[in-house]
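Below: the structure, in structure tokens.
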Amino acid sequence: MKIATYNVNSVNARLPVLLRWLAETRPDVACLQELKAVQEKFPTEAIREAGYHAIWHGQKAWNGVAILARAGEPAETGRGLPGDPDDFHSRYLEGTVGGVGVGCLYLPNGNPAPGPKFDYKLRWMDRFAARAAELVASPDPVVLAGDYNVIPEELDVYDPAGWEADALFRPETCEAYRRLLAQGWTDALRHLNPGERVFTFWDYTAGAWRRNAGLRIDHLLLNPAAAGRLVAAGVDRHVRGWEKTSDHAPTWVELRDV
DNA sequence: ATGTCTCGATCCTCGAGA
């Protein structure tokens, strides 16, 4: 089973790119972030014609997450994270597909830091970690896939010194990510590419793509049951070079016998 | 290189967010 995550940066503005990528790579499951569409503006018909069933959680202008699956509609197991009744952002959706648990997340950016947005990010990470702790010991494979807005380590950013004050790379952010992994999660892309620079995001500005000034911020975390089945992980880097493309590239894992 | 992109409100341009 191939499971992908892709921050599309507006599902409607990016629809041609999304459909082209789905047709080309045929993931079994695709987690999408930054739909930037209200619930009723999700392109249900086009997704269906592309061969995918979907659940999604939209929001006006910002955020929004979806889980697409070829085999059938994901059985939803969660929408939003508990722990903050004032949090109305559409950033977390969870379901099962063919016996595999899939969490799709769009973790808050957190800039500018320090400040209320950074505080929200760290609180959100705590709430997410609480849910992850419930999932990690599942006997079934679980994959937590999404735009984490976390640069895990220096290797994952083209200019570590230039990013040290950024919410994506501040010590509190990196420590929260390490605590999450310490529950027993495997960062699939890093696990299969130790010591290598692998980027998933290149800013639109300053010729970042041309200069390969990238970040690795899109992650797929695997619980032990999933990690035992991991056979491949990669980034569909070429998609970042397409016309009218997202600033993120699709990132994926392949699990054996699922 | 205050650089690019999207959405939404208001108006046909700008601010917010990323």
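By convention in this document, chain letters (A, B, ...) are assigned in the order of the sequence lines, proteins followed by strands, and residues within each chain are numbered from 1. Values reported hereafter were calculated over all heavy atoms of this structure, with side chains retained and with hydrogens, waters and symmetry mates removed.
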- Name the residue closer to the 5' end of DNA chain B, choosing between A/Arg210 and A/Lys117 according to the nucleotide with the nearest heavy atom. A/Arg210

- Item | Qualifying residue for side-chain contact (heavy atoms from CB on, under 4.5 Å) with A/Asn149, from A/Asn111, A/Asp166, A/Leu105, A/Asn109 | A/Asn109

- Among A/Trp62, A/Tyr120, A/Trp124, which residue meets the side chain to side chain donor-acceptor pair (under 3.5 Å) test with A/His89? A/Tyr120

- Message: Without decimals, in angstroms, what is the distance between A/Gln59 CD and B/dA18 C1'?
- Response: 14 Å

- Checking all strands, does A/Lys41 fall into the base, sugar-phosphate, or nothing category for heavy-atom contacts under 4.0 angstrom? nothing

- Which of the following nucleotides, B/dC7, B/dA18, B/dT6, is nearest to the side chain of A/Lys244? B/dT6

- Message: Measure CG/A/Asn111 against P/B/dA16 and give the value in whole Å, please.
- Response: 16 Å

- Task: Classify the nucleic acid contact of A/Ala206 as base, sugar-phosphate or nothing, counting any heavy atom under 4.0 Å across all strands shown.
- Result: base

- Message: Heavy atoms only, 4.0 Å cut-off, all strands: where does A/Tyr106 land among base, sugar-phosphate and nothing?
- Response: sugar-phosphate

- Message: With side-chain contact (heavy atoms from CB on, under 4.5 Å) as the test, pick out the partner of A/Arg216 among A/Val235, A/Asp187, A/Thr251, A/Leu155.
- Response: A/Asp187

- Message: So if I take every side-chain heavy atom of A/Ser10 and compare against B/dG17, B/dT4, B/dC7, which nucleotide ends up nearest?
- Response: B/dC7

- Task: Tell me what A/Arg14 touches on the nucleic acid: a base, only sugar-phosphate, or nothing, going by heavy atoms under 4.0 Å.
- Result: sugar-phosphate

